[in-house]
Amino acid sequence: MSREALKLVANNKKAYHDYFIEEKYEAGLVLHGTEVKSMRLGKCSIKESFVRIENNEVWVYGMHISPYEKGNIFNRDPLRPKKLLMHKAQIRKLVGQLAEKGFTLVPLQVYFKDGRAKVEIGLARGKKLYDKRQDIAKKDQRREAEKEFKIRNL
């Protein structure tokens, strides 16, 4: 498959700040017509969203897809829970891993792949405050080093 077939709709940068991402999974997204049109316009947010497994089905909650302007009566609730499509074996594996203490599922990206809406979800472990501080310090050090390198090479 070609890489240019991916069209990024939403990215969850906050997830990388708040969690250690152990594994990533790709899941299909069950949407209705006007939701797809709205997503193609890039009107989707996954900042406050999370993923749950209920009755061996994977659901994403808090994912906001803005109502389509020309959708009138066909528009759905922007915050309704959306079903994710995954293989049963993957879901069983995730259930086993989520049973371990400290793991959760968070959506990382929403994109179109070959015309189909997909969500990349990550099996994540929460960061402590000192881990976040370390990440910020490393980022600052890298930024300073890049700035010095740029000044030196002028």
Side-chain angles (χ1 to χ4, degrees), residues 1-129 131-132 134-136 138-140 142-143 146:
M1 278 186 224
S2 59
R3 278 311 253 176
E4 60 267 4
L6 292 180
K7 179 183 178 257
L8 187 65
V9 177
N11 199 357
N12 192 356
K13 292 179 186 172
K14 189 178 174 197
Y16 292 99
H17 178 72
D18 292 340
Y19 301 99
F20 293 113
I21 308 298
E22 305 288 327
E23 285 186 61
K24 294 179 182 178
Y25 296 93
E26 183 180 75
L29 190 56
V30 177
L31 296 172
H32 295 282
T34 55
E35 290 176 323
V36 177
K37 290 179 179 188
S38 188
M39 272 185 61
R40 287 199 189 280
L41 297 174
K43 299 195 174 174
C44 176
S45 171
I46 55 173
K47 281 189 174 59
E48 298 297 321
S49 57
F50 58 95
V51 179
R52 275 203 186 131
I53 299 177
E54 297 167 355
N55 302 327
N56 288 326
E57 291 182 339
V58 186
W59 295 85
V60 62
Y61 292 89
M63 178 182 187
H64 187 276
I65 298 177
S66 298
Y68 185 58
E69 294 93 40
K70 300 177 184 96
N72 58 42
I73 62 166
F74 299 107
N75 280 332
R76 301 287 174 124
D77 177 28
L79 287 172
R80 75 175 180 86
K82 290 147 190 81
K83 187 175 178 180
L84 299 181
L85 304 172
M86 295 179 78
H87 293 285
K88 269 202 169 94
Q90 284 181 320
I91 294 173
R92 274 194 232 109
K93 181 181 175 188
L94 281 174
V95 168
Q97 290 174 322
L98 288 173
E100 291 180 39
K101 189 172 182 281
F103 276 118
T104 186
L105 288 172
V106 290
L108 303 173
Q109 289 182 337
V110 178
Y111 52 91
F112 281 99
K113 182 177 181 181
D114 298 325
R116 290 183 166 70
K118 303 280 185 178
V119 178
E120 184 178 61
I121 59 175
L123 183 69
R125 187 185 302 272
K127 285 186 182 179
K128 302 281 189 268
L129 186 61
D131 291 326
K132 292 179 190 178
Q134 283 177 342
D135 284 353
I136 292 170
K138 284 179 188 174
K139 222 179 268 180
D140 288 344
R142 191 178 68 239
R143 202 177 296 125
E146 286 174 0

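Values reported hereafter were calculated over all heavy atoms of this structure, with side chains retained and with hydrogens, waters and symmetry mates removed. This is a predicted model, so every value here is computed, not measured.
A donor-acceptor pair under 3.5 Å is formed between the side chain of Asn12 and the backbone N or O of Pro107. Between the side chain of Ser38 and the backbone N or O of Ser66, at least one donor-acceptor pair lies under 3.5 Å. Side-chain atoms of Lys7 come within 3.5 Å of backbone N or O of Arg40 as a donor-acceptor pair. For Lys82 (side chain) and Met63 (main-chain N/O), a donor-acceptor pair under 3.5 Å exists by modelled atom type. Proximity of a side-chain donor or acceptor of Glu57 to a complementary backbone N or O of Glu54 within less than 3.5 Å is not detected.
The CD atom of Glu48 lies 11.0 Å from the CG atom of Leu79; values are rounded to the nearest 0.5 Å. The CD1 atom of Ile91 sits 8.5 Å away from the CG atom of Leu85 when rounded to the nearest 0.5 Å. Atom SG of Cys44 sits about 8.5 Å away from atom CG of Leu31, to the nearest 0.5 Å. Ile121 contributes atom CD1, which lies 12.5 Å from atom CD of Gln109 (distance to the nearest 0.5 angstrom).
Stacking of Arg125 on the aromatic ring of Phe103 is recorded, both the 6.0 Å distance cut-off and the 45° axial limit being met.
Considering all non-hydrogen atoms of both residues, Gly28 and Lys118 come closest at CA-CD, 4.1 Å. The nearest pair of heavy atoms linking Leu123 to Gln97 is CD2-OE1, 3.2 Å.
Every residue two or more places apart in sequence or in another chain was checked for a salt bridge (charged side-chain N to carboxylate O under 4.0 Å, His left out) with Arg142, and none qualifies.
Looking at Glu120 and Lys24, their side chains come closer than 4.5 Å, going by heavy atoms from C-beta outward. At a threshold of 4.5 Å between non-hydrogen side-chain atoms, the residues Leu94 and Ile53 count as touching. The side-chain heavy atoms of Ile65 and Met39, taken from C-beta on, include a pair separated by under 4.5 Å.
Ion pairing between Glu35 and Arg80 holds under the 4.0 Å rule for side-chain N and carboxylate O.
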- [ ] Go through the steps to decide whether Val30 and Leu84 satisfy the test side chain to side chain contact (heavy atoms under 4.5 Å, CB included), and finish with yes or no.
- [x] CA-CA 6 Å; Val30 177; Leu84 299 181; over 6 Å; no
Open item on the list: side chain to side chain contact (heavy atoms under 4.5 Å, CB included), that's the test. Do Leu8 and Val110 meet it? Break it down for me.
Closed with: CA-CA 6 Å; Leu8 187 65; Val110 178; over 6 Å; no
TODO: Please assess Leu108 against Ile21 for the test side chain to side chain contact (heavy atoms under 4.5 Å, CB included), listing each intermediate value before the final yes or no.
DONE: CA-CA 9 Å; Leu108 303 173; Ile21 308 298; 3.8 Å; yes
Task: Test log, rule salt bridge (charged side-chain N to carboxylate O under 4.0 Å, His left out), inputs Glu26 and Arg116 - done: CA-CA 12 Å; Glu26 183 180 75; Arg116 290 183 166 70; over 6 Å; no
- [ ] Could you please spell out the steps behind the side chain to side chain contact (heavy atoms under 4.5 Å, CB included) verdict for Val9 and Lys43?
- [x] CA-CA 8 Å; Val9 177; Lys43 299 195 174 174; over 6 Å; no
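The ring pair (Phe, Tyr, Trp, His ring centres under 6.0 Å) analysis of residues 34-62, with sequence neighbours excluded, yields the pairs Phe50-Tyr61. Among residues at least two apart or in separate chains, salt bridge (charged side-chain N to carboxylate O under 4.0 Å, His left out) pairs with a member in residues 84-98 are Glu23-Lys93.
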